[in-house]
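Here the structure is a predicted model, which means the values were calculated and not measured. Scope of the values below: all heavy atoms of this structure, side chains included, with no hydrogens, waters or symmetry mates.
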Amino acid sequence: METIGTWWMWAGFAAVVFVMLAIDLLLVGGGKQHRVSFREAATWSCIWVAVSLLFAGALWWYLDGSAGREVANEKTLEYVTGYLIEKSLAVDNVFVWLLLFSFFSIPLELQKRVLLFGVLGAIVMRTIMIFAGVWLIAKFHWILYLFGAFLVITGIKMWWFADEQPDLAQNPVIAWIRRHMKVTHELDGERFFVMRQEAGQWVRYATPLFLVLALVEFSDLIFAVDSIPAIFAITTDPFIVLTSNVFAILGLRAMYFLLADMADRFSLLKYGLALVLMFIGVKMLLIDVFKIPVLISLLVVAAIISTSIVLSLRKEAHAGKPGGDAARSGEAG
């Protein structure tokens, strides 16, 4: 599979990711158990987006000098489009995390460690799946059609079940853990395991925070399966695929705390994400018939996401007005 990535570009990217992860671990909330403020989360979210765009600028500058303006424009546009798609789909991941923490009543100040492992798990899983996908596409071109059909079906399911909440009490991952491990009913700070004495022996117990971690990692796997095929509709260059994915994931912790108190305001975003998946799936199915330009894909995805956000905010504003849904529900009560 052809790629623009040289060994030093891969090494440089790995170094940037390592530094950003270290910064995320040490500075975003630090090691202290404290509630990350909206202002702090917004600041770091802007920083992560800025770093991702700086990378795009550096990529364009290097390719412009080494491969020419046309290649620089093409590859940078692929990176930006892939980044926007993966960042948009990551929002759904964040909403699932919010649901998990709410179900287990995990306070915000105890969530940072789980989120860090969630981000690391997402990076590892997507890296493995990206290189597996690149290898499969290089060997079997027809697998792109399977990816396209999968995205269309996933988008339809997301649209159909957008307003439904999963029954976490019956989740098979939780059921399996409870069958094989002892689990406490209460939290113990940010600890995943605690030791308790029973019949003169020390017994290891998992805490509810470990259950949340297991579900977060499982959700990372599910979302990786959904989102990785989407980027292959834009480019099959492994360097562009991996960098756009990882940069979209790195700011997830900050995005989570930014949306923690605002998730209900974006009630229509799931429908927008469903349309994005369906559009990308159709684009992939038509890849050998009509190749939709990357710029058009970028504009369509941006239009869908921005429209769903605007409509969500308008719906929220209308519901809060006298005579709106909120007022009517209050009168009914």
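Taking Ser306 as the reference, nothing meets the side-chain contact (heavy atoms from CB on, under 4.5 Å) condition, with sequence neighbours excluded. For Arg314, the salt bridge (charged side-chain N to carboxylate O under 4.0 Å, His left out) test picks out no residue, with sequence neighbours left out. Residues passing the side-chain contact (heavy atoms from CB on, under 4.5 Å) test with Arg191, sequence neighbours excluded: Asp188, Val194. Not counting sequence neighbours, the partners of Arg69 by the side-chain hydrogen bond (donor to acceptor under 3.5 Å, both in side chains) test are Asp64. With sequence neighbours left out, Tyr83 forms a ring-ring contact (aromatic ring centres under 6.0 Å, His included) with no residue at all. The side-chain hydrogen bond (donor to acceptor under 3.5 Å, both in side chains) search around Gln111 returns Tyr256, not counting sequence neighbours. In terms of the side-chain hydrogen bond (donor to acceptor under 3.5 Å, both in side chains) criterion, residue partners of Lys270 (sequence neighbours excluded) are, by chain and number, Asp92. Looking at residues two or more places apart in sequence or on another chain, you find a side-chain hydrogen bond (donor to acceptor under 3.5 Å, both in side chains) between Trp8 and Thr6.
Note on ring orientation: taking the six-membered ring where Trp is involved, the planes of Phe131 and Trp10 are tilted (angle from 30° to 60°). Aromatic ring pairs are classed by plane angle as parallel below 30°, tilted from 30° to 60° and perpendicular above 60°; the pair Trp159 and Tyr271 is perpendicular.
Expressed to the nearest 0.5 Å, how far CG of Leu295 lies from CD of Glu78 amounts to 12.0 Å. For the atom pair CZ (Phe104) and OG1 (Thr207), the distance works out to 10.5 Å, reported to the nearest 0.5 Å. For the atom pair CD1 (Ile234) and OG (Ser244), the distance works out to 9.5 Å, reported to the nearest 0.5 Å. Between atom CD1 of residue Ile249 and atom CE of residue Met20 there is a gap of 11.5 Å, rounded to the nearest 0.5 Å. The line from CG of Leu209 to CD of Glu186 is 12.5 Å long, rounded to the nearest 0.5 Å. Note that CG of Leu77 and OG1 of Thr81 are 4.5 Å apart. Values are rounded to the nearest 0.5 Å.
No side-chain heavy atom of Val246 sits under 4.5 Å from any side-chain heavy atom of Arg126. When side chains are defined from C-beta on, Asp220 counts as touching Trp97, because their heavy atoms get closer than 4.5 Å. Counting heavy atoms from C-beta on, the side chains of Arg204 and Lys182 never come closer than 4.5 Å. A heavy-atom distance below 4.5 Å is not found between the side chains of Val16 and Phe55. When side chains are defined from C-beta on, Leu116 counts as touching Arg253, because their heavy atoms get closer than 4.5 Å. Inter-residue side-chain proximity for Val96 and Val216 is flagged as unmet; no heavy-atom pair is nearer than 4.5 Å. Side-chain contact between Leu211 and Arg178 is present, with at least one heavy-atom pair separated by less than 4.5 Å. By the 4.5 Å heavy-atom criterion applied to side chains, Leu215 and Ile174 are counted as neighbours.
Between Ile304 and Gly272 the shortest heavy-atom distance is CG2-O, 3.2 Å. Of all non-hydrogen atoms in Gly82 and Ile231, the two that sit nearest each other are CA-CD1, 3.1 Å. Contact detail for Thr76 and Ala56: the closest heavy-atom pair is CG2-O, 3.7 Å. Nearest heavy-atom pair across Leu187 and Pro107 is CD1-CD, 3.9 Å. Residues Ile305 and Ser88 come closest through the heavy atom pair CG1-OG, 3.5 Å. Pairing each heavy atom of Ser45 with each of Leu258, the nearest pair is OG-CD2, 3.8 Å.
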Report the C-alpha separation of Thr236 and Val134 in whole Å, then their side-chain angles, then the decisive distance to 0.1 Å, and conclude whether the side-chain contact (heavy atoms from CB on, under 4.5 Å) test is met.
-> CA-CA 7 Å; Thr236 55; Val134 168; 5.9 Å; no
Would Phe101 and Leu110 satisfy side-chain contact (heavy atoms from CB on, under 4.5 Å), going step by step from the backbone distance to the final call?
-> CA-CA 10 Å; Phe101 286 125; Leu110 298 182; over 6 Å; no
Could you check Leu252 against Leu115 for side-chain contact (heavy atoms from CB on, under 4.5 Å), going step by step and ending with a plain yes or no?
-> CA-CA 8 Å; Leu252 273 187; Leu115 292 174; over 6 Å; no
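Criterion: ILVMFWY side-chain heavy atoms under 4.5 Å apart, direct or through other members. Under it, Val310 and Leu299 are not part of a common hydrophobic cluster. Hydrophobic clustering places Leu53 together with Trp48 (ILVMFWY residues linked when any side-chain heavy atoms are closer than 4.5 Å, directly or through intermediates). The cluster map of Ile, Leu, Val, Met, Phe, Trp and Tyr, joined by side-chain heavy atoms under 4.5 Å apart, puts Val300 and Phe290 in the same cluster. Placement of Val225 and Val241 within a single hydrophobic cluster is found when ILVMFWY residues are connected by side-chain heavy-atom separations under 4.5 Å, directly or transitively. Ile177 and Val203 are members of different hydrophobic clusters when ILVMFWY side chains are connected at heavy-atom separations under 4.5 Å.
Atom NE2 of His180 is surrounded by more than 12 heavy atoms from other residues, nucleotides or ligands within 6.0 Å. In Gln201, the CD atom is not crowded: 12 or fewer heavy atoms of neighbouring residues, nucleotides or ligands sit closer than 6.0 Å. Within a 6.0 Å radius of CD in Glu70, other residues, nucleotides and ligands contribute 12 heavy atoms or fewer.
Partner of Phe13 under the ring-ring contact (aromatic ring centres under 6.0 Å, His included) criterion, chosen from Tyr79, Tyr62, Phe247: Phe247.
Within the structure, ring pair (Phe, Tyr, Trp, His ring centres under 6.0 Å) pairs that include any residue of residues 192-217 comprise Phe117-Phe192, Phe193-Phe210 (at least two apart or interchain).
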Show me the side-chain donor-acceptor pairs of residues 141-158 shorter than 3.5 Å, one per line, residues at least two apart or across chains.
residue: His141; atom: NE2; partner: Asp288; partner atom: OD1; Å: 3.3
residue: His141; atom: NE2; partner: Asp288; partner atom: OD2; Å: 2.9
residue: Tyr145; atom: OH; partner: Asp288; partner atom: OD2; Å: 2.5
residue: Thr154; atom: OG1; partner: Phe150; partner atom: O; Å: 2.7

For residues 276-286, which side-chain N or O atoms pair as donor and acceptor with protein atoms under 3.5 Å away, sequence neighbours left out?
residue: Lys283; atom: NZ; partner: Ile292; partner atom: O; Å: 2.6
residue: Lys283; atom: NZ; partner: Ser297; partner atom: OG; Å: 3.4

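Distance alone, capped at 3.5 Å, is enough to place a donor-acceptor pair between the Thr243 side chain and the Phe239 backbone.
Grouping Ile, Leu, Val, Met, Phe, Trp and Tyr residues whose side-chain heavy atoms lie under 4.5 Å apart, directly or via other members, places Val124 in a hydrophobic cluster with Ile128.
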